[in-house]
Amino acid sequence: MRSSKNGIFSASLPLLALLCTFLLCLAGCGGSAASSGSNPITPPSTPPTGVNNSVAITAGGGPTGLVNGVYTSVTLCAPGTSNCATISGVLVDTGSTGLRILSSALPSGFSLPQQTDSNNNPIGECFPFVSGSTWGPVHTTDMEIAGEKASSFPMQIIGAENFANIPTSCSSNGPTMQSLADLGANGILGVGNFKQDCGPACAAESNLGIYFTCPSSGCQEIEQPIGSQLQNPVSLFATDNNGVIIALPSVSASGAVSVNGELIFGIGTQSNNALGSATVLTLDDNGNFTTTFQGKSYSNSFVDTGSNGLFFLNTAATGISVCSDANFFYCPTTTDNLSATNQGQNGSSTPINFNVENADMLLSPSDPNFIFNDLAGPGSGNFDWGLPFFLGRNVFVGFEQENISGNAGPFTAY
Amino acid sequence: MIWIDRKWSSPLLALALAVIVFAVPASAELGGTISTIQADQLKMGASRQVTSTSGYQLHEMQSPQGIRVREYASPNGIVFGVTWNGPWMPDLRQLLGPYFNQYMVAAQGKKAARGPVSIQLPGLIVERGGHARSFFGRAYVPQMIPQGVTADAIQ
């Protein structure tokens with residue numbers, strides 16, 4: 001089985017699709033957001049009355065052909081200058097906060113100011129994801145995307161050459177993802193529910209193994225004030241800064257090579273981003289809601305564009321076998337048609353139907369597709385509603401500390 | 001564990017602790033003995049609750065940062081499974097002890113899925129899930145699970 005495809009041509013196809021989307025959108029073409037049960041977003045054919053708050057995203061194999069990713073381009077500028085670089089193939093991640101770019105993806109000669117402590121020592125970060133941590137220095141950048149701009153905020157450069165030594169308390173978290181091969185993307189645009197990547201815990205504690213000061217004698221763990229942590233770039237926009245919407249069209253059961261959609265900034269701030277009839281599920285302090293499935297409730301559940309399947313429970317709980325050659329995906333003998341209910345802290349709930357297809361079949365070498373709405377696998381005792389969940393619906397990510405059309409963030413709505 | 005402050009690694013302090021707790025290895029770890037759990041708890045200032053049930057003993061610890069670690073010990077005092085749950089990660093190198101390197105080698109090869117991690121080796125199972133601000137996972141050695149106990153007990 002394959003989960004990724006090698007080859008220059010298969011990697012360039014999504015990029016070509018992305019370029020075409022940009023050209024089409026400049027000509028004022030509408031979005032392709034289909035929906036199943038939620039409020040369809042129809043972007044106006046002329047730009048909204050505010051700034052352009054919509055950027056094209058492509059769900060596809062991305063730069064390395066890893067299935068079920070969604071990517072966009074961001075433009076970084078040295079703060080206050082027009083010295084800029086546009087990075088494509090950046091993973092759109094609603095499961096994390098913060099902008100992270102591979103050092104290897106930056107043009108040679110492009111540099112951003114290094115964040116330092118009061119002794120002029122560079123600050124580094126080891127940020128944990130489930131599959132591994134990203135290690136690298138914290139730098140300051142401007143970011144432009146669609147018509148929006150975030151100025152002079154902390155971001156991470158992953159795998160910088162001058163930060164080659166990974167501290168012990170970073171490698172104690174597990175493997176690190178320092179390269180394109182590891183990450184499957186040129187960077188991560190974390191636009192999740194929280195405004196900083198770590199939050200109050202890293203401002204209060206120095207022993208979480210996340211933020212470091214790195215004098216020549218070696219990196220030491222530090223507390224990192226909220227304002228110096230990696231920020232959610234969207235929360236720094238002048239307007240359209242209270243959340244995002246992921247709008248992706250649906251695909252058929254056999255999937256697609258790639259599909260184009262939109263990442264829309266702001267909720268209820270312009271004519272193209274109203275909540276409409278979407279059901280708002282408020283989240284707990286950890287960004288989770290509860291999924292009920294076959295009579296049992298799982299409280300650490302969440303949606304995440306950065307997960308590349310529907311990951312839930314295990315064989316014992318579901319009766320679905322894992323694939324013999326890849327125990328991280330399910331391989332039912334026939335397609336499973338299932339349903340669950342998601343419920344927020346606010347008590348609102350909404351059902352969801354989903355299918356589980358045999359992953360060996362979807363990912364066989366003869367299958368040309370990279371996007372599947374029925375790719376699933378075991379989780380860890382909860383529901384991780386990954387990219388398949390986002391296909392064919394508009395999903396709203398409401399930020400913490402925001403009142404959005406009468407709803408308190410953080411929330412997920414669809 | 002991630003909540004061990006760096007200052008505890010000084011030799012003088014370690015000696016003082018040894019005098020107090022009749023020196024034991026510093027890490028509570030998969031495959032280690034119950035005494036390693038006790039040493040850890042004292043060093044961390046973590047709360048600890050012990051529950052005896054049929055077939056195993058459950059030691060539950062909560063760090064000041066809200067990371068909960070459970071260690072499952074067999075009747076002969078060996079830790080056969082560990083679980084963790086909290087906003088950030090525990091120190092897996094200490095928690096998995098001699099099994100950490102095996103985990104790292106297997107995890108480094110897992111590039112196919114972007115999401116929960118499931119590592120199944122003949123002598124080690126490691127599962128990780130969640131996202132930043134909500135991580136959980138478990139690790140156990142199937143061969144060490146006591147008779148009459150199943151892996152489902154390790155949560």
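These figures come from a predicted structure and were not determined experimentally.
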Heavy-atom distance under 4.5 Å to chain B: side chain of [X], backbone, both or neither?
X: A:Asp304; value: neither
X: A:Leu387; value: neither
X: A:Cys198; value: both
X: A:Pro128; value: both
X: A:Asp197; value: backbone
X: A:Leu375; value: neither

*Ring centres of A:Phe329 and A:Phe372 under 6.0 Å apart?*
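Centroid distance A:Phe329-A:Phe372: not below 6.0 Å, so no.
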*B:Tyr72-B:Tyr140 aromatic ring centre distance below 6.0 Å*: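 No, too far apart.
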*Per the side-chain hydrogen bond (donor to acceptor under 3.5 Å, both in side chains) rule, which among B:Arg48, B:Arg70, B:Gln49 passes with B:Glu60?*
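With B:Glu60 as partner, B:Arg48, B:Arg70, B:Gln49 yield a single side-chain hydrogen bond (donor to acceptor under 3.5 Å, both in side chains), made by B:Arg70.
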*Among A:Gly190, A:Ser171, A:Ser96, which residue forms the greatest number of heavy-atom pairs with chain B at distances under 4.5 Å?*
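Top count of heavy-atom pairs under 4.5 Å with chain B: A:Ser171.
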*Quick one: of A:Gly306, A:Gly192, A:Ala201, who has the most non-hydrogen atom pairs under 4.5 Å with chain B?*
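Of A:Gly306, A:Gly192, A:Ala201, A:Gly306 has the most heavy-atom pairs under 4.5 Å with chain B.
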*asked:* Restricting to non-hydrogen atoms, name the atom on B:Arg128 and the atom on A:Phe129 that form the minimum distance, rounded to 0.1 Å.
replied: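 That would be NH2-O, 3.4 Å.
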*Nearest heavy atoms of A:Tyr71 and A:Ala185, plus distance in Å*: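 In terms of heavy atoms, the two residues are closest at CE2-CB, 3.8 Å.
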_Polar side-chain atom of A:Ser301 near backbone of A:Phe383 as donor-acceptor pair, under 3.5 Å_ =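 Such a contact is found between A:Ser301 side chain and A:Phe383 backbone.
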*Give the member of B:Gly129, B:Gly130, B:Pro116 that has the highest number of heavy-atom pairs under 4.5 Å with chain A.*
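Result: the option with the highest number of such pairs is B:Pro116.
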*asked:* Does the plane of the ring in A:Phe293 sit parallel, tilted or perpendicular to the ring in A:Phe354? Use 30° and 60° as the thresholds.
replied: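 Ring orientation, 0 to 90° scale: tilted.
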